[in-house]
Amino acid sequence: MRTFNLSDYLLQYLDKASGTPRNRQLYRLMRQAILDRVLPADTRLPSSRDLATELAISRNTVLYAYEQLLAEGYVEARAGSGTYVADTVPDTVHLPTVATRRVAAIHETAHLSQRGHRLVAQAGAATQQWGAFVPGVPDVTQFPHKIWNTLQSKVWRKPPIAALTYGHGGGYQPLREVVAEYLKVSRSVDCEAGQVVITNGIHQSIDLCLRLLSDPGDVAWVEDPCYWGARNLLSASGVTIRPIKVDAEGICPSEADLAAVPRFIFVTPSHQYPLGMVMSLARRRSLLDYARRHGCWIIEDDYDSEFRYSGRPLASLQGMDSGERVLYMGTFSKTMFPGLRLGYLVLPQALSKPFVTGMEELHRSGQAPLQATMAEFMTQGHFNSHIRRMRLMYGARLEILQQEIDSHFEGTEVQAVGSDAGLHLALRLPARCDDKLIARLALERGVAVRPLSSYYHDASQGDSGLVLGYACVDDANIAPAFEILAKQIKAYL
Ligand SMILES: Cc1ncc(COP(=O)(O)O)c(C=O)c1O
């Protein structure tokens, strides 16, 4: 079992962006570790000077925490030999549940499998999911919740028994039908309702594909950089990831890559994530041809292409596939709201039935009342009008952000890319910029961005940049938030 490392634990949970002073946070985290006996009685604490150095905080901050613990009897000072955890733990103290869970989490990783360990260690989901400039989050305040409420109440007035028992693995049939229709018209996806499986989002769709089509050791090509969620799902399923470079035309396998045929090819053809380029027609053709000849499965993640601000909407890769090699997936997380947890997977005919069975066996399907509400929302035209309205709003926000970028960085090496679609753009920075540090400093000042290098397979070799989501930022907040970010970037220019 892994031994408890005090400074790793503190580094992980000290929250610099929190409004709670750091000395209080330190005291509470240490107290919790003592109460949970992960710091057992008689453990010698590091000297305040050493701990301050390890945590890169002031010695006074550590001294405050130690003194508080001393005053409350959690630790004791032994003359000449240091500070030790006391052997009596007050049992009347109420434990803050969050802190309890945090300590437990550190402990639990010791019991995890290798892949579980990997998953937790490389976890990508941010704790902050709202505000400037969280990538990939739509403006949920604009969701027409009154309409939704009316539709939902109607569904619940007299739900049929079939909606309240276990569903069958494909999802609520009218939703499968309306999704198939929508995809045919708006994304040129070639499908019938029977090929659509309703899932709780792209994450579940990828997971289902991996469970049903992969064996440990299979190889998957993954765009480099790519969405961290897809990478984590792949690595958790035991698939070997082969990062493939992208260029202006999308995924760009070398001769050596082509020579080692993968089982899966993960792509975001309509809007490469996170750089934003569109896969060229030539690249699409050769990828489909390669997959057909070698029997690879192409997984098309079409996560946000409803939002295009210039040019014509782009057709899906799936719609060009005559060889039944593409598994197409989309989500309502961006068009509706992420908390809805609804998405869809469109399968080649031959895989439809086994996938419905697989979904049923692995996850038991349900949520029929929710899916029925979604079907009504689409059938009555609310879905399309919501998208139209949000497209205008996001387009205007993108323009404001671009003006800000120009006014701060015109004529410099800082460049926005991938900004004609979606909910985010990438800001490329010169290599000398430490994007992780910039992101950390910006977060301390209330602005959340993701470092571009963290999307690469090997973050230490990744290009420097920042990924900025603008969809969930009020027009008026864009300039002040960008100003904060620009200041951090300019320190390097
Ligand atoms: C490229 C990409 N794919 C998938 C997802 C997640 O989709 P879902 O919420 O449907 O699981 C995201 C979320 O940001 C994304 O950026």
Side-chain angles (χ1 to χ4, degrees), residues 8-20 25 98-99 101-102 105-106 109 118-141 200-204 206-207 225-236 268 271 273-276 301 303-304 331 333-334 336-341 343 394 397 401 418 422-427 429 434-457 459 462-474 477-478 481-482 484-485 488-489:
D8 280 357
Y9 158 65
L10 295 171
L11 276 172
Q12 189 171 355
Y13 292 114
L14 272 176
D15 181 0
K16 294 190 174 162
S18 156
T20 309
Q25 289 186 47
V98 173
R101 267 191 276 119
R102 284 172 172 180
I106 293 277
T109 56
R118 228 173 18 244
L119 183 71
V120 173
Q122 64 197 26
T127 45
Q128 184 174 338
Q129 288 295 336
W130 182 249
F133 290 105
V134 178
V137 177
D139 190 340
V140 296
T141 65
N200 66 21
I202 288 176
H203 274 239
Q204 192 178 45
I206 296 176
D207 189 50
C226 77
Y227 175 50
W228 52 265
R231 187 165 41 225
N232 286 350
L233 280 154
L234 284 162
S235 103
T268 44
H271 189 220
Y273 193 84
L275 294 176
D301 177 353
Y303 60 105
D304 72 356
T331 181
S333 292
K334 318 294 174 187
M336 298 281 285
F337 55 96
L340 183 64
R341 301 314 298 144
Y394 299 154
R397 289 179 181 177
L401 179 58
L423 310 178
H424 72 271
L425 56 74
L427 206 56
L429 301 177
D434 180 345
D435 57 358
K436 288 190 199 68
L437 183 62
I438 293 174
R440 211 167 67 225
L441 294 172
L443 187 63
E444 281 175 15
R445 288 152 183 80
V447 176
V449 285
R450 274 184 182 265
L452 179 61
S453 59
S454 70
Y455 292 87
Y456 285 81
H457 190 68
D463 288 348
S464 179
L466 299 167
V467 177
L468 279 70
Y470 47 81
C472 67
V473 197
D474 271 356
N477 285 342
I478 294 175
F482 191 75
I484 293 172
L485 189 60
Q488 302 308 319
I489 299 171

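When the ring pair (Phe, Tyr, Trp, His ring centres under 6.0 Å) test is applied to F337, the partners found at least two apart in sequence or on another chain are F143. Scanning for side-chain hydrogen bond (donor to acceptor under 3.5 Å, both in side chains) contacts around Y456 gives D463, with sequence neighbours left out. Remark: R440 pairs with L437 by the side-chain contact (heavy atoms from CB on, under 4.5 Å) rule, at least two apart or across chains. With sequence neighbours excluded, the residues that form a side-chain contact (heavy atoms from CB on, under 4.5 Å) with S454 are P451. Under the rule for a side-chain hydrogen bond (donor to acceptor under 3.5 Å, both in side chains), the partners of S453 that lie at least two apart in sequence or sit in another chain are D435, K436. By the side-chain hydrogen bond (donor to acceptor under 3.5 Å, both in side chains) test, E444 is found to be paired with no residue, residues two or more places apart in sequence or in another chain being considered. Residues that satisfy the salt bridge (charged side-chain N to carboxylate O under 4.0 Å, His left out) test with D139, not counting sequence neighbours, are R397. Residues forming a side-chain hydrogen bond (donor to acceptor under 3.5 Å, both in side chains) with D301 (at least two apart in sequence, or on another chain): none. With sequence neighbours excluded, the residues that form a side-chain contact (heavy atoms from CB on, under 4.5 Å) with A126 are Q129, R450. The side-chain contact (heavy atoms from CB on, under 4.5 Å) search around Y227 returns H203, A230, Y273, not counting sequence neighbours.
Separating the CD1 atom in I202 from the CG atom in D207 is a distance of 13.5 Å, to the nearest 0.5 Å. With rounding to the nearest 0.5 angstrom, the CG atom of D15 is 7.5 Å from the CG atom of L443. The OH atom of Y470 lies 9.5 Å from the OH atom of Y394; values are rounded to the nearest 0.5 Å. The CG atom of L427 sits 9.5 Å away from atom CG of L452, with the distance rounded to the nearest 0.5 Å.
The main-chain N or O of P138 is never found under 3.5 Å from a side-chain atom of K334 such that the two would form a donor-acceptor pair. Side chain of Y13 to backbone of Q25: no donor-acceptor contact under 3.5 angstrom is found. Q204 places no side-chain N or O within 3.5 Å of a backbone atom of I206 that could act as its donor or acceptor partner.
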*asked:* What verdict does the side-chain contact (heavy atoms from CB on, under 4.5 Å) test give for I438 and L429, after you've listed the backbone C-alpha separation in whole Å, the side-chain angles of each residue and the deciding distance to 0.1 Å?
replied: CA-CA 11 Å; I438 293 174; L429 301 177; 3.9 Å; yes
_Set out, in order, the CA-CA distance, both residues' side-chain angles and the distance that settles side-chain contact (heavy atoms from CB on, under 4.5 Å) for V447 and Q488, then state yes or no._
CA-CA 11 Å; V447 176; Q488 302 308 319; over 6 Å; no
*Checking side-chain contact (heavy atoms from CB on, under 4.5 Å) for the pair F133/H424: CA distance, chi angles, key distance, verdict?*
CA-CA 8 Å; F133 290 105; H424 72 271; over 6 Å; no
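The side-chain heavy atoms of T141 and W130, taken from C-beta on, include a pair separated by under 4.5 Å. Inter-residue side-chain proximity for L485 and L468 is flagged as met; some heavy-atom pair is nearer than 4.5 Å. Using a 4.5 Å heavy-atom threshold, the side chains of H457 and P225 count as separate. V473 has its side chain out of reach of F482: every pair of non-hydrogen atoms, C-beta onward, lies at least 4.5 Å apart. At a threshold of 4.5 Å between non-hydrogen side-chain atoms, the residues L466 and I489 count as touching.
Smallest separation of non-hydrogen atoms from A236 and L119: CB-CD1, 4.2 Å. Between Y455 and W228, the shortest heavy-atom distance links the atoms CE2-CD1, 4.1 Å. Smallest separation of non-hydrogen atoms from C472 and V134: SG-O, 4.0 Å.
Inspection of the N232 and Q122 side chains reveals an N or O donor paired with an N or O acceptor under 3.5 Å.
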